[in-house]
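Throughout, protein chains are lettered first and strands after them, A, B, ... in sequence-line order, and every chain is numbered starting at 1.
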Amino acid sequence: MTKAEAPTHGSALARGLTLLLGLASSAGFLYLASRRITLSELERTLREAQLWPWLPLAVLCYLTGHLVRGLRCQRLVSGEARLSWITATHVVVLGYAVNNLLPARLGELARAGMLAERSGLPFVQGLSLTFLERVLDGVVMLGLLLLALATLPGVRPEWLEATIGLGAALFTTALGVVLAAVLAPSLILRWTSRLTQNVSARIHDAAVRQVDSALCGVAHLGQPGAALPILGLSVLTWLCEAGLFLCLLPALGMAPDPRVALLAMTVTNLGILVPSSPGFIGPFHYFCMQALAAVGVAEARGLSYAALVHVGFYVPITLWGLGILFGYGVQLSQAVRDQRRALPGGLFDGPLDAPGSQPDPESTPTLLALCDGLIPHGTEGDAARAEALPSAARFTAAQLSALPLRLRILFALGLGGFRVLTWLRFGRPLTRLTSAQRARWVGGFAYGRVGLFRQLMRAPRATAVLAYYEHPRLRAELLPGAPARPTERIISSESLTQGRVATERNSSESLTRDRGGQRD
Amino acid sequence: MTDIDQVEVLVIGSGAGGSVVAHELASRGYQVVVLEEGGAFEFEAYGQPAPEAMRRLYRRRGMTPVMGRVPIGYVEGCCVGGSTEINSGFWHRTPPEALLRWKSRYGLGATEQELAPHFDWAEEMLGVGLSQAPWPPSTRTFDEGARALGLGAFEVPRAAPGCQGTNSCGYGCPTGAKRGMSRSLLPRAVASGARIVSGARVVRLLHARGRVSGALIRARRGGEERLFRIRAEHVFVCCGPTETPSLLLRSGVRYHVGGTLRVHPYLKVAATFSDPMRSETSVLPLLQVREFWPELSLGGSFFGAGQLAMTLSDHFPEGRAALSDAPRMAQYYVGVRGTGRGWVRPTALGDDATLVRYDLSDADLRALSVGLARLSQLLLRAGAEALYPSVWGLGPIRSEEQAARWLTEALPKGALSLVTVHAFSSCPAGDHRALTAADDEGRVWGFENLRLADASVLPDSPGVNPQGTVMALARRTARAFAER
Ligand SMILES: Cc1cc2nc3c(=O)[nH]c(=O)nc-3n(C[C@H](O)[C@H](O)[C@H](O)COP(=O)(O)OP(=O)(O)OC[C@H]3O[C@@H](n4cnc5c(N)ncnc54)[C@H](O)[C@@H]3O)c2cc1C
């Protein structure tokens, strides 16, 4: 073992303490959960449990949830790396499995390590991605918990209020951090650089790089249209997990009430945020049982149910995770070390990419419809219009996406309002109006009396009109005889002398003429 | 990130200011590295249709509007050569009045005599001169109108020897006749040993205790975005009028930075004549009426089917019909000195964008109104049948009576569609510390090795096309550095 790899005395002590604390916490919660239950009672309810078909169904729901998580992870890294769905799912599953086997949520590190190893993304980026997923999970879970409580009248134990308050404070803060990272990444980077620049170059560089990587981890959420699908997938994930809880209710003779399942699922998952032993033994059982107790389920049945859900939660994922470890042979520390070695070379070490080499954003049907309304149909033929309009819409989409974020947000808000007004006026979206209707309606905004509306439409109007009439077909119709814009080299021979002609041409006489008198 | 990149002189930005500094210092034996955010392009990439040209050569594809009570469309270059690659190459020396004002108000010591050799040099390098070809109809017509009104119209020299009239100035000159920096000074700077790194955006200057130690750079290599750090002994920030203050503010350098932006607001007017104008296939109108200087100038504007449609779109949908007269049309402008105030700030939200604001002054509005009246009179006298100013709900103007209205009335602010391509003064330079961001030699107050050399240092609006002034002042700054 090299010096760098050798655990220091302090870190070994810290790890030992963490483990002890986790075990103590688990024991404490197990005691709390079982103190009023006799073992025989527990044994009886478990023996009476009807496992078929409920347990396999429950496990299926839970595993489906992981596939959805994989999809979400794949989407979250899509801006930076290509991961197949199955690999992304494996990354997720590995994290869960390691959390089941090792203490202190080491699974999060394992998962970031595998993500780094599979995608080539920095380790810290993987960590920030995990953080983002956890925050999304927390927010969705809180939402589902509130939903469950709203639909279960009379269920509002005091401890639950406190849990919700705590969870809300925790996740709102975390969400604030994520939002700041998504909305103001440059600002955060600048401040990191500013705060560390006087310490030392090494620390500055390391801090800047790590913060930059972390910011990249959450950057995908800032892409237009990205946040909603991600949020949707998060909701779906937790609904699948609620399926695990739902399917096991009838296994223990309880009615399969989705509200109860939601309550048990959310309370349990918030509960296992408490540090505990690997696999969350203790808190898992205690909180799950408490949730059921809140809806009147007897403690013994509640604990049996918790134990059963824990089996469905623990065993398949742990086995799957072990399989992944075997299959991929992931060496976590190796991945992290590789990352350290793969520092970017110097600015002069090789050519940089030409700017703007990334693909342009695609247009949307709404934008196409908007362009159709913005550009009045003149004498041009339908065929020319059919060609030029989509290219104008594509250009407009690209141009609008180049606006500074603040203006983009303002424009998006304005366009949102316009779409609502369109619905209110016509009962259908702009895309489903006839061309004549669009021209009148959009024209009323873009060319009408209200200055604010004209300002709203100014950017799309200018870009759409520019691209439309610069389209070769339209241009040829408007300016017959004008040559197409040059596509081949027609370099003036003089230009190649790069300035030498200047001496001959730039007679002082010609300049005096400009400054002195009128040309005759 | 690496520590090995250490340079003697780091020039950030390769436009009119940066190229001059790079050339001057490289030719004196300094080890110079120029970092340019935009790309480097061959001739083949120039002169492409507007959408492609804007994507490659313009900052944020040309979507950098100036906000304010009257928003102003603004563009600047973002490529090797900066805005000089997409400008029209019109050339002016700094008006003596402006220099006198700058000296007394801001303490900028540059006099007409002192700048003369710098102008001579730049004019030689860029082949500045009058057109050698016969004037195209759009220029001739303008001349006739000016004569009919008894106004003096002057052909403005251009940095485009051998211009072939491809009408592509705004999209990069495909013949190379227009001497943008990538075709003139930068190759010479490289020949003298300067190194140009394109695609490298400086996101922050690193500094401590009044010394800049280097810069943090964002660039892509192998499809991946990365951060780099470069160390430098001396740094020249030449990022242009909006990006220089933005970079300084992002770096925590604030003293008089970004709060005094000025622009030349322009109002475009499309004119229909009875004869073909051949605007699409000829160079833009070459004359300017400067009778009303410094408040007002009248001249010719870039023409293209899309550009024309944009001007006419203030009259859409009815005005759409006017487009069928495109072969008989040309575009002109009313430009005003710009006495309003603006600011530049980096955004806190999103990527490293810059927000720009300018509030049109009442004097600007007045000058634009009078200018529209004058230009309309001139064009009508030249035989124009209809004029379409880029003012919503106004026009077409068909008679001098209609035009004369604006001699006394102010144009409606909310109806204006203004544009500008000239911005400056966001970090004024001069020895009067109470008003400036940098001293007479362009050195940022409080920093021993940080200098500015671009349009941002012009203390206020010069009232003429600024490239000449930017280059002359940049050379003066570079020389002062080398001879210090
Ligand atoms: C369309 C148009 C037409 C014009 N016509 C004329 C004309 O006819 N005559 C005239 O005199 N003037 C004209 N101008 C104005 C003139 O071109 C500018 O005033 C002049 O180029 C300004 O020089 P600059 O060095 O300040 O900035 P620029 O020439 O714009 O150069 C700044 C450079 O810095 C780069 N940069 C910015 N930020 C960073 C960063 N953080 N890191 C790295 N690089 C960065 C930019 O990409 C750019 O290349 C025109 C301008 C435009 C846009």
Could you tell me the separation between the CG atom of A:Leu478 and the CD atom of B:Glu280, rounded to the nearest 0.5 Å?
9.5 Å
Checking heavy atoms, do the side chain of A:Thr463, its backbone, both or neither come under 4.5 Å from chain B?
side chain
A:Leu183, A:Val465, A:Leu187: which one forms the most heavy-atom pairs within less than 4.5 Å of chain B?
A:Leu183
Please report the closest heavy-atom contact between B:Gly306 and A:Leu466, naming both atoms and the distance.
C-CD1, 3.5 Å
Part of A:Leu407 lying under 4.5 Å from any heavy atom of chain B
side chain
Heavy-atom contact with chain A under 4.5 Å, split by part of B:Leu349:
both
Is it the side chain or the backbone of B:Leu185 that comes within 4.5 Å of chain A heavy atoms, both, or neither?
neither
Of the listed B:Arg204, B:Arg209, B:Arg201, the one with the largest count of heavy-atom pairs under 4.5 Å with chain A is B:Arg204
Checking B:Gln288 against chain A: side chain, backbone, both or neither under 4.5 Å from a heavy atom?
neither
For chain A, which of B:Ser198, B:Pro317, B:Gly393 has the most heavy-atom pairs under 4.5 Å?
B:Pro317
Hey, mind stepping through A:Phe348 and B:Arg195 against side-chain contact (heavy atoms from CB on, under 4.5 Å) and telling me if it holds?
CA-CA 10 Å; A:Phe348 303 131; B:Arg195 183 163 189 172; 3.5 Å; yes
Using only heavy-atom distances, determine whether the side chains of A:Arg461 and B:Ser313 contain a donor-acceptor pair under 3.5 Å.
yes
Any donor-acceptor pair under 3.5 Å from A:Gln197 side chain to B:His207 backbone
yes
A:Ala180, part contacting chain B, at a heavy-atom distance under 4.5 Å
neither
Option in A:Ala398, A:Ala439, A:Ala462, A:Gly443 with maximal non-hydrogen atom pairs under 4.5 Å from chain B
A:Ala398
Do you know which of B:Asp325, B:Asp351, B:Thr281, B:Leu323 has the most heavy-atom pairs with chain A at a distance under 4.5 angstrom?
B:Leu323
Part of A:Tyr447 lying under 4.5 Å from any heavy atom of chain B:
both
If one checks every heavy atom of B:Met67 against chain A at 4.5 Å, the contacting part turns out to be side chain
Donor-acceptor pair, distance only, cut-off 3.5 Å: does the side chain of A:Asp353 make one with the backbone of B:Gly222?
yes
Chain B-proximal positions within residues 450-460 of chain A [heavy-atom distance under 4.5 Å]:
A:Arg454, A:Gln455, A:Arg458, A:Ala459
Salt-bridge present (A:Asp205, B:Arg229; N to O < 4.0 Å)
yes
Taking every heavy atom of A:Ala402 against every heavy atom of B:Arg61, the minimum-distance pair comes out as CB-CD, 3.6 Å
Output, in order, the C-alpha distance, side-chain angles, deciding distance and verdict of side-chain contact (heavy atoms from CB on, under 4.5 Å) for A:Leu189 and B:Leu227.
CA-CA 11 Å; A:Leu189 196 71; B:Leu227 281 169; 3.9 Å; yes
Shortest non-hydrogen pair, B:Ala305 vs A:Arg475, comes out as CB-CG, 4.0 Å
Which atoms of B:Glu318 come close to chain A, meaning under 4.5 Å heavy atom to heavy atom: side chain ones, backbone ones, both, or neither?
neither
Kindly give the heavy-atom pair with the smallest separation between B:Ala309 and A:Tyr469, and that separation in Å.
CB-CD1, 3.2 Å
How many angstroms lie between SG in A:Cys216 and CD in B:Glu225, if you round to the nearest 0.5 Å?
6.5 Å
Heavy-atom closest pair, residues B:Gly199 and A:Leu352
O-CD1, 4.0 Å
Salt bridge check, A:Asp212 against B:Arg226: does any charged N sit closer than 4.0 Å to a carboxylate O?
no
Per-residue tally against chain B (heavy atom, under 4.5 Å) across A:Ser186, A:Ala446, A:Ser213, A:Gly222 peaks at A:Ser186
Ranking B:Cys78, B:Pro327, B:Ala353, B:Pro71 by heavy-atom pairs under 4.5 Å to chain A gives rank one to B:Pro71
Side chain proximity check, B:Arg60 to A:Pro404, heavy atoms < 4.5 angstrom
yes
Name the region of B:Thr354, side chain, backbone, both or neither, that has any atom closer than 4.5 Å to a heavy atom of chain A.
backbone
What part of A:Pro472 lies closer than 4.5 angstrom to a heavy atom of chain B: side chain, backbone, both or neither?
neither
Determine, stepwise, if the pair B:Glu52 / A:Phe395 fulfils side-chain contact (heavy atoms from CB on, under 4.5 Å).
CA-CA 9 Å; B:Glu52 188 53 29; A:Phe395 178 67; over 6 Å; no
Taking B:Gly414, B:Ala348, B:Ala208, B:Ala219 one by one, which has the highest count of heavy-atom pairs under 4.5 Å against chain A?
B:Ala348
Could you tell me the separation between the CZ atom of A:Arg194 and the CG atom of B:Leu205, rounded to the nearest 0.5 Å?
11.5 Å
By a 4.5 Å heavy-atom criterion (distance strictly below it), what part of B:Val356 contacts chain A: side chain, backbone, both, or neither?
neither
Taking side chain as everything from C-beta outward and backbone as N, CA, C, O, which of these in B:Leu355 sits under 4.5 Å from a heavy atom of chain A? Side chain, backbone, both or neither.
side chain
Run B:Phe316 and A:Ile375 through side-chain contact (heavy atoms from CB on, under 4.5 Å) and show every step you take.
CA-CA 8 Å; B:Phe316 276 8; A:Ile375 305 169; 5.6 Å; no
Is chain B contacted by the side chain of A:Gln399, its backbone, both, or neither, given a heavy-atom distance below 4.5 Å?
both
Option in B:Arg278, B:Arg218, B:Gln307 with maximal non-hydrogen atom pairs under 4.5 Å from chain A
B:Arg218
Roughly how far apart are A:Arg190 CZ and B:Leu216 CG, rounded to 0.5 Å?
11.5 Å
